[in-house]
Amino acid sequence: VQLQASGGGLVQVGGSRRLSCSASGSEFTINAMGWYRQAPGKERELVAGISSDGMTRYTDSVKGRFTISMENAKNTVYLQMNSLKPEDTAVYYCNAQTFGNHWGQGTQVTVSS
């Protein structure tokens, strides 16, 4: 399974950004997808996850600001990020769980004040 993420960039404090990640390959079934992030000097953390039946979870710091969604037919997951803060600055990684665990390339999100 290959994951292609896009949507990162520079955004001002309070702004919005949408990340996208599409999975491709042959003969796979996605059980869940998610977004992780890693800031400089910090460990990678789960930002938001969604299961194939639509159950979602978020880390506390993004609740009410970020929304994860998935288009099952397109094997694509989105992360809508609103009210961005400087502490949201990180490399964001897409993850997909099939019978294995798959990672996309990171996409940098920089929130500038």
Side-chain angles (χ1 to χ4, degrees):
V1 176
Q2 293 80 44
L3 300 177
Q4 182 66 45
S6 62
L10 178 64
V11 61
Q12 290 188 334
V13 169
S16 298
R17 201 82 182 178
R18 190 174 86 150
L19 305 181
S20 301
C21 176
S22 295
S24 62
S26 60
E27 303 292 329
F28 66 93
T29 299
I30 292 178
N31 297 317
M33 297 188 78
W35 289 95
Y36 289 71
R37 67 186 178 188
Q38 187 166 20
K42 295 187 177 182
E43 294 185 355
R44 189 175 297 189
E45 64 169 351
L46 173 68
V47 177
I50 185 168
S51 64
S52 58
D53 60 0
M55 295 288 289
T56 60
R57 56 176 174 156
Y58 299 90
T59 191
D60 286 345
S61 62
V62 308
K63 286 180 180 177
R65 300 189 298 122
F66 290 12
T67 302
I68 190 169
S69 60
M70 188 162 68
E71 282 191 74
N72 290 334
K74 295 183 178 181
N75 291 321
T76 299
V77 64
Y78 305 96
L79 185 68
Q80 178 65 44
M81 305 184 293
N82 299 328
S83 302
L84 283 161
K85 304 176 180 180
E87 51 264 41
D88 295 318
T89 295
V91 178
Y92 284 71
Y93 296 92
C94 174
N95 174 269
Q97 295 176 23
T98 61
F99 285 112
N101 197 29
H102 310 277
W103 294 94
Q105 90 287 5
T107 184
Q108 176 72 46
V109 174
T110 302
V111 183
S112 169
S113 56

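A heavy-atom distance below 4.5 Å is found between the side chains of Gln4 and Gln105. Between Glu45 and Arg37, the closest side-chain pair of non-hydrogen atoms falls below 4.5 Å. A 4.5 Å side-chain heavy-atom check between Ser24 and Asn75 finds every atom pair outside the cut-off. You'll find the side chain of Thr59 stays beyond 4.5 Å of the side chain of Leu46, heavy atoms only.
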Let's go through Arg17 and Asp88 carefully: what are the C-alpha distance in whole Å and the side-chain angles of both, what is the deciding distance for salt bridge (Lys or Arg N to Asp or Glu O under 4.0 Å) to 0.1 Å, and is it a yes or a no? CA-CA 11 Å; Arg17 201 82 182 178; Asp88 295 318; over 6 Å; no
Dump the intermediate steps for side chain to side chain contact (heavy atoms under 4.5 Å, CB included) on Ser113 and Val13, then the final yes or no. CA-CA 5 Å; Ser113 56; Val13 169; 3.7 Å; yes
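Under the 4.5 Å side-chain heavy-atom criterion for Ile, Leu, Val, Met, Phe, Trp and Tyr, Tyr78 and Ile68 are members of distinct hydrophobic clusters. Side-chain heavy atoms closer than 4.5 Å link hydrophobic residues (I, L, V, M, F, W, Y) into clusters, and following such links, even through other members, never connects Val111 to Tyr93. Hydrophobic clustering (side-chain heavy atoms under 4.5 Å, transitive across Ile, Leu, Val, Met, Phe, Trp, Tyr) groups Leu3 together with Trp35. Under a hydrophobic clustering in which Ile, Leu, Val, Met, Phe, Trp and Tyr are joined whenever their side-chain heavy atoms come within less than 4.5 Å, directly or via other members, Val47 and Tyr58 fall into the same cluster. Taken together through direct or relayed side-chain contacts under 4.5 Å among Ile, Leu, Val, Met, Phe, Trp and Tyr, Val91 and Met33 form parts of separate hydrophobic clusters.
The local environment of CD in Glu43 is sparse, with at most 12 non-hydrogen atoms from other residues, nucleotides or ligands closer than 6.0 Å.
Closest of all the heavy-atom pairs between Leu19 and Met81 is CG-CE, 3.8 Å. When every heavy atom of Val77 is checked against every heavy atom of Cys94, the shortest pair comes out as CG1-SG, 4.0 Å. For the pair Thr107 and Ser6, the tightest heavy-atom approach, listed with the atom from each and the gap, is OG1-C, 4.5 Å.
The closest side-chain donor-acceptor pair between Gln108 and Thr110 falls under 3.5 angstrom. Using modelled atom types and a 3.5 Å distance limit, the side chains of Ser16 and Asn82 yield a donor-acceptor pair. There is a side-chain donor-acceptor pair under 3.5 Å between Thr76 and Ser22.
Between Phe66 and Tyr92, the ring planes are tilted. Angles from 30° to 60° get that label.
A donor-acceptor distance shorter than 3.5 angstrom exists from the side chain of Asn31 to the backbone of Thr98, with no hydrogens or angles considered.
For the atom pair NE2 (His102) and SG (Cys21), the distance works out to 11.5 Å, reported to the nearest 0.5 Å. To the nearest 0.5 Å, atom OG of residue Ser51 and atom CE of residue Met70 are 6.5 Å apart.
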